Amino acid sequence: MIRTTDLRKVYQMGDVQVKALDGIDLTIDKGEFVGIMGPSGSGKSTLLHMLGLLDQPTDGQIWLDGVAVNKLTDYEKTMFRLYKLGYVFQDYALVPELTVSENVSLPAMLRLDRNEEEIARSTTEILERIGIADRCCHLQKELSGGQQQRVAIARAIVNKPDILFADEPCANLDTENSRMVLGLFREINDEMNQTIVMVSHEEWHKEYFHRIIKLRDGKIIDYGK
Ligand SMILES: Nc1ncnc2c1ncn2[C@@H]1O[C@H](COP(=O)(O)OP(=O)(O)OP(=O)(O)O)[C@@H](O)[C@H]1O
Ligand SMILES: [Mg+2]
């Protein structure tokens, strides 16, 4: 499902080169719920951004679902993201002017293969599934942090992505809401065999993951297998 070989990302900061990723080789199978862990600055977000086609590696190869994604054009990458990938971020990244329903249907509306009726149906289904249907017409500012993250998760899965990427989705949540988010990921993973790659630096999140890949200084120090 996900494979990289000798993946590298170097940031040039004036005269200094920061090796954010220093030769990452990994394979993640379909249906795995993988945690990416490691200290601050170890390259977790950088790795997630590369795998999620949100940024370009300096060197190395990435295959997603058998496609050598670095060889795609920018337009093809945009389409790949829209049709195959979903994202959850720590700051929720909702559109403040849109209601809950509108936020959730947004990625579906960008697709050419889905009609209005179908989008309305899948949006309602997912809001119910995630337990936020009673808030469908509210704006972001009228929701708690936990509710906002639920909406962001609904939006991330409305297109039934092959891979769900999450970068510290619990960073702004208390323990109870963090458990809710992690539990939701587990359910989505169990029920839909959804592949999930989640960055975290909380030790207690470990129990939710099938496997943990540990990074330090841009390298894998524990592959978890
Ligand atoms: N846009 C950038 N420009 C320059 N250096 C960067 C950039 N983004 C990340 N870095 C550097 O790359 C390294 C890895 O950063 P990254 O954000 O991937 O770490 P992280 O493991 O996600 O850390 P945290 O737990 O604090 O989020 C760090 O040394 C960081 O300073
Ligand atoms: Mg990070």
Side-chain angles (χ1 to χ4, degrees), residues 1-28 32-64 69-70 74 77-78 81 85-94 145-146 148-150 152-153 155-156 161 163-175 177-182 184-185 189 195-225:
M1 170 61 46
I2 303 177
R3 190 157 80 88
T4 72
T5 53
D6 201 29
L7 193 64
R8 292 172 189 277
K9 180 68 176 179
V10 179
Y11 292 110
Q12 190 74 41
M13 303 288 286
D15 291 343
V16 184
Q17 282 198 337
V18 179
K19 288 182 182 173
L21 294 180
D22 194 10
I24 300 283
D25 296 287
L26 60 75
T27 304
I28 295 172
E32 271 197 286
F33 182 11
V34 172
I36 310 277
M37 304 191 81
S40 183
S42 57
K44 304 182 297 296
S45 295
T46 306
L47 177 58
L48 205 80
H49 288 150
M50 302 297 137
L51 298 180
L53 311 186
L54 299 171
D55 198 1
Q56 280 272 38
T58 309
D59 214 343
Q61 296 295 321
I62 305 175
W63 288 268
L64 299 179
V69 286
N70 349 25
D74 284 348
K77 275 187 198 158
T78 303
R81 285 195 297 262
L85 309 178
Y87 307 90
V88 179
F89 300 101
Q90 82 179 53
D91 60 2
Y92 324 125
L94 300 175
Q148 290 179 51
Q149 196 56 302
R150 264 193 254 198
I153 294 169
R155 180 187 54 185
I163 310 168
L164 180 59
F165 294 104
D167 193 355
E168 307 224 22
C170 305
N172 293 319
L173 301 176
D174 58 19
T175 310
N177 278 303
S178 298
R179 286 207 183 276
M180 179 274 293
V181 163
L182 286 158
L184 210 45
F185 280 172
N189 172 257
T195 309
I196 306 178
V197 184
M198 172 175 155
V199 169
S200 157
H201 63 238
E202 293 281 353
E203 282 294 310
W204 68 268
H205 291 174
K206 278 183 175 175
E207 64 186 270
Y208 289 88
F209 303 135
H210 293 146
R211 173 155 74 110
I212 294 152
I213 295 175
K214 270 196 199 145
L215 299 185
R216 188 189 293 152
D217 299 331
K219 294 187 171 75
I220 293 179
I221 55 160
D222 189 347
Y223 193 58
K225 253 189 183 166

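Everything quoted here is computed from the prediction, not taken from an experiment. Order of appearance sets the numbers: ligands from 1, and atoms from 1 within every ligand.
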Name the residue from Leu21, Ile213, Asp167, Ile36 that meets the side chain to side chain contact (heavy atoms under 4.5 Å, CB included) definition with Lys44. Ile36
Quick note on ligand 1: atoms under 4.0 Å from a heavy atom of Pro39 include exactly 21 (O)
Crowding at CG, Asp6 (>12 non-hydrogen neighbours, <6.0 Å): yes
Within 6.0 angstrom of Arg8 CZ, more than 12 heavy atoms from elsewhere: yes
Should Met13 be counted as touching ligand 1, given the test is an N or O pair under 3.5 Å? no
Could you check atom 1 (N) of ligand 1 against the protein and tell me its nearest heavy-atom contact, residue, atom and distance included? Tyr11 CE2, 3.6 Å
Ranked by distance from atom 12 (O) of ligand 1, the top protein heavy atom is Ala20 CB, 3.3 Å
Judging by distance only, is a nitrogen or oxygen of Gly41 under 3.5 angstrom from one on ligand 1? yes
With the side chain counted from C-beta on, respond yes when Ile221 and Leu215 share a heavy-atom pair under 4.5 Å apart, and no when they do not. no
May I ask whether atom 15 (O) of ligand 1 is less than 4.0 Å from at least one protein heavy atom? yes
Residue and atom name of the nearest protein heavy atom (relative to atom 25 (O) of ligand 1), distance in Å to one decimal: Lys44 NZ, 2.7 Å
Show the atoms of ligand 1 that are less than 4.0 angstrom away from any heavy atom in Thr46. 14 (C), 15 (O), 16 (P), 18 (O)
Name the closest protein heavy atom to atom 17 (O) of ligand 1, giving the residue it belongs to and the distance to 0.1 Å. Ser45 CB, 3.8 Å
Per side chain to side chain contact (heavy atoms under 4.5 Å, CB included), Gln149 is matched among Asn177, Val88, Leu94, Leu184 by Val88
Please name the residue in the list Val69, Asn70, Thr5 that meets the side chain to side chain contact (heavy atoms under 4.5 Å, CB included) test with Trp63. Thr5
Can you tell me the protein heavy atom closest to atom 26 (O) of ligand 1 and the distance? Ser40 OG, 2.5 Å
Is the NZ or CZ atom of Arg211 positioned over Tyr223's six-membered ring, under 6.0 angstrom from the centre and within 45° of the axis? yes
Looking at Lys77, I want to see if its NZ is surrounded by more than 12 non-hydrogen atoms of other residues, nucleotides or ligands under 6.0 Å. yes
Distance below 4.0 Å between atom 30 (C) of ligand 1 and any protein heavy atom? no
Do any of the N, O or S atoms of Ser45 sit under 2.8 Å from the Mg ion (ligand 2)? yes
Pull out every atom of ligand 1 sitting under 4.0 Å from any heavy atom of Glu168, numbered as shown with elements. 25 (O), 27 (O)
Should the ring pair Phe165 and Tyr87 be called parallel, tilted or perpendicular, given that the plane angle runs from 0 to 90° and is split at 30 and 60? parallel
